[in-house]
Amino acid sequence: MARPNDEVAALLREYADLLAITGKDAFKQRAYERAARAIGGHPADVSRLDAGELRAIPGVGRSIADKVEEYLRTGRVAAVEAARGELPPGVRELTAVPGLGPKKALTLCRERGIASVDDLAAALREGRLAGLRGFGPRTVENLLRGVELLRASGGRVLLDAATALAEEAVAALEAAPGCERAAPAGSLRRMRETVGDLDLLAAAREAGPVMDAFAALPFAAEVIARGETAMAVRTPGGLRIDLRVLPPDAWGAGLLHFTGSREHAARIRELAARRGLRLSEYGLFDAETGRRRAARTEAGVYRRLGLPWIPPVLREDRGEIEAARRGELPRLVTEEDLRGDLHTHTSLTDGLAPLSEMAAVATERGYEWFAVTDHAPDLRMQRMTKEKILAQREELRALQGSFGGMRLLHGTELNIGPEGGVDWPGDFLAGFDVCVASIHSHFGLDRAAQTRRLIRACENPHVHVIGHPTTRKLGSRGPIDADLDAVFAACARTGTALEINGHPNRLDLRDEHVLRARAHGVLFAVDSDAHTPGELAHTRYGIGTAQRGWLTPAEVVTTWPLDRLRRFLAERGR
DNA sequence: GCCGTTTTCGGCCCGACTGTTTTCAGTCG
């Protein structure tokens, strides 16, 4: 079961969507969206708040607070039920189809009785949309492809794939005649865990040559749209890439606008409006005189609004604007802060490179220490034994000193059993420098059992880090069902660190969990979980997640110098 | 429906592109 905040947020979001589809007041709809976001991201459990505390959440007033209380008390909200009653239940999912918004969804429902994506697909195939106002042949074609796309991909790509595409595209744009600079914006720049489409920006006086270079990219399979300064292409895999070409002197305003999030940008524009200014991708203007006040740099635009520059990873309207105003933005952890990695594999188990090779690449990354943590025997397919791991320890000791000043640490990745036990007895575990413990099986246990096993693993005095705590895999496996707040509290109590696994298909913990765990006072380990030397660089995505969770270096044990890390490993506390 | 260091009422964020339009609504970011 979801936590109350998520349930309430989902309900408010549904209500906002229903208001949009049925054409109700757009401002009311926006108010519900804002409240949903605020409640979803609120650190305290809404089911434990009184009316006053509820209304203290920004965007929650009397009416919404009443509905939240009604929901928590009765499990339903009359107003939402009524709105649901106005539409067949499947209509809302129609708006997930690219190119299909609330207005067209309503038309389809009212005029043709279409109430689901499947209905829509059938109607399109059978030509039943003919004669419907606003649904000409081009629209029908686009909707067909939209349905196809929605079904094929679920819509989003992993961060590493998006990063690779963006880097290649940016290099090509920068090489175009007249292009002064180019950069990714959007959710990629904010380091969201997946990317729905790619936003690129370029600065040039003449847009034409830059757009030509964009259209000529090898992965630009199809041009979806092309205007004076904006265009969009689709990759063979179905990913949409948007390009916007800006005048060079509007670079900062454009970057801010297209980096988003939409919610953050909207609040910044609102802030500007309140000061008699108007913000667009072309700059910050005096609303009366039209004179431009700032545009060249992001920092300049923020400064003009009385704010310091806000890092893109924080721009989600999760309190960053308020923190910026108070001068309390965190000093975010960066990749340069990392001094080591506590979760890596070698060819002794399922890694692809020997210990010496992994360590050599770790040295190149400038690490001060480096832990090798191959799988323990309960993961049967790895065929691990005491003898094999002790032999690895000898090998590691023999290599100690071969990698400049970098210190090698010997560890293992234990398996958390269904009851919370781990592979080896305590006296054997005591021989390791570091133990990571992770769930690799029994994903289907109920919430109480999952919570119990994780807490037991935390309480094991030999366990230093809980690896990929929710075990989700993006696009293929959901998270286990556990009371994470109870687990976070146990980690804080026992001094066990939670991993932020940087593998792009894990990113586990995810940003929202990091924010919540942080409120409990938990320590974190940003790790690569590398199975090849190249994957050691996956920490960049883990760092992105850590930053989105507002973490500072002090909270991340993998940024600590060796002596401090050793104290943590010895005492497992602070 | 929310909100207030000019406001407790009257505001509430901005622009590009597409398609089906003879002047603009819908969608998206």
Side-chain angles (χ1 to χ4, degrees), chain A residues 12 15-16 19-21 23-38 54-68 79 94-108 129 131-143 146 155 185-190 195-201 207 211 223-232 240-246 250 253-285 287 305-306 317 325:
Chain A
L12 296 177
Y15 191 50
L19 291 173
I21 295 170
K24 300 281 165 37
D25 179 8
F27 293 114
K28 187 166 159 181
Q29 169 205 339
R30 214 182 291 163
Y32 277 96
E33 274 170 9
R34 178 163 151 73
R37 228 172 33 250
L54 264 180
R55 291 193 54 184
I57 299 174
V60 178
R62 175 181 300 279
S63 173
I64 291 180
D66 285 349
K67 289 188 177 69
V68 172
L94 286 175
T95 59
V97 176
L100 187 52
K103 296 286 182 290
K104 281 194 159 72
L106 184 65
T107 303
L108 289 172
L129 267 38
L132 197 53
R133 186 178 173 76
F135 292 82
R138 296 284 300 163
T139 299
V140 166
E141 195 180 313
N142 287 339
L143 288 179
S187 51
L188 181 64
R189 184 165 181 241
R190 301 200 312 279
V195 175
D197 51 32
L198 215 49
D199 292 292
L200 303 177
L201 285 187
M211 305 214 312
V223 175
I224 304 169
R226 177 162 183 163
E228 293 286 310
T229 60
M231 68 182 287
R240 177 187 168 120
I241 311 182
D242 283 303
L243 170 70
R244 183 67 180 265
V245 184
L246 294 158
L255 202 52
L256 198 157
H257 182 87
F258 289 106
T259 296
S261 64
R262 204 180 315 193
E263 292 79 13
H264 175 90
R267 290 213 47 209
I268 293 293
R269 279 194 293 271
E270 207 177 304
L271 215 63
R274 232 174 263 149
R275 294 180 171 232
L277 300 165
R278 185 172 48 80
L279 180 62
S280 75
E281 59 263 52
Y282 297 112
L284 185 63
F285 301 88
L305 297 172
D317 192 19
R325 196 182 286 140

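Chain letters run A, B, ... following the sequence lines, proteins first and then strands; every chain starts at 1.
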Between [options], which nucleotide gets closest to the side-chain atoms of [X]?
X      : options                : result
A/A225 : B/dG1, B/dT18, B/dG19  : B/dT18
A/S63  : B/dG1, B/dG29, B/dC14  : B/dG1
A/R262 : B/dG29, B/dC17, B/dC12 : B/dG29
A/T229 : B/dC13, B/dA16, B/dG19 : B/dA16
A/A230 : B/dC17, B/dG15, B/dG1  : B/dC17
A/Y282 : B/dG1, B/dA16, B/dG29  : B/dA16
A/R269 : B/dC13, B/dG19, B/dC2  : B/dC13
A/R30  : B/dG15, B/dC2, B/dC12  : B/dC12
A/R240 : B/dC17, B/dG29, B/dG1  : B/dG29
A/T139 : B/dC2, B/dG29, B/dT20  : B/dT20

Exercise for the section: Indicate, with a heavy-atom threshold strictly under 4.0 Å, whether A/V97 touches base, sugar-phosphate, or nothing. Expected result: sugar-phosphate
Completion exercise
So CZ of A/R269 and NE2 of A/H264: to nearest 0.5 Å the spacing works out to 10.0 Å
Handout entry: Ring-on-base stacking B/dC2 with A/F27 (under 5.5 Å, under 30°)
Key =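 So no, this residue does not stack on that base, at least one cut-off failing.
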Which whole-number value in Å describes the distance from [X] [atom1] to [N] [atom2]?
X      : N      : atom1 : atom2 : answer
A/R133 : B/dT21 : CZ    : C1'   : 8 Å
A/K24  : B/dC12 : NZ    : C1'   : 20 Å
A/H257 : B/dA16 : NE2   : P     : 9 Å
A/R267 : B/dC12 : CZ    : P     : 16 Å
A/L200 : B/dG29 : CG    : P     : 14 Å
A/L143 : B/dT27 : CG    : C1'   : 11 Å
A/E270 : B/dT7  : CD    : C1'   : 15 Å
A/R55  : B/dC2  : CZ    : P     : 7 Å

Exercise for the section: Considering only atom C1', compute the distance from B/dT20 to B/dC14 and round it to an integer number of Å. Expected result: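 After rounding to an integer number of Å, I get 24 Å for this pair.
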Exercise for the section: For B/dC13 and B/dC2, measure between their C1' atoms and round to the nearest Å. Expected result: 16 Å
Problem - Distance below 4.0 Å between A/N142 side-chain N/O and B/dT18 OP1 or OP2 - result: no
Practice task
Both distances under 3.5 Å, Watson-Crick or G-U wobble: report the partner of B/dC17, or none.
Solution key: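 Per the H-bond distance test, B/dG26.
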Exercise for the section: Check whether the side chains of A/T107 and A/K103 place a donor and an acceptor atom closer than 3.5 Å, and report yes or no. Expected result: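 No pair is found: no donor N or O on one side chain lies under 3.5 Å from an acceptor on the other.
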Handout entry: Shortest non-hydrogen contact from A/L246 toward A/G254
Key = CD1-CA, 3.5 Å
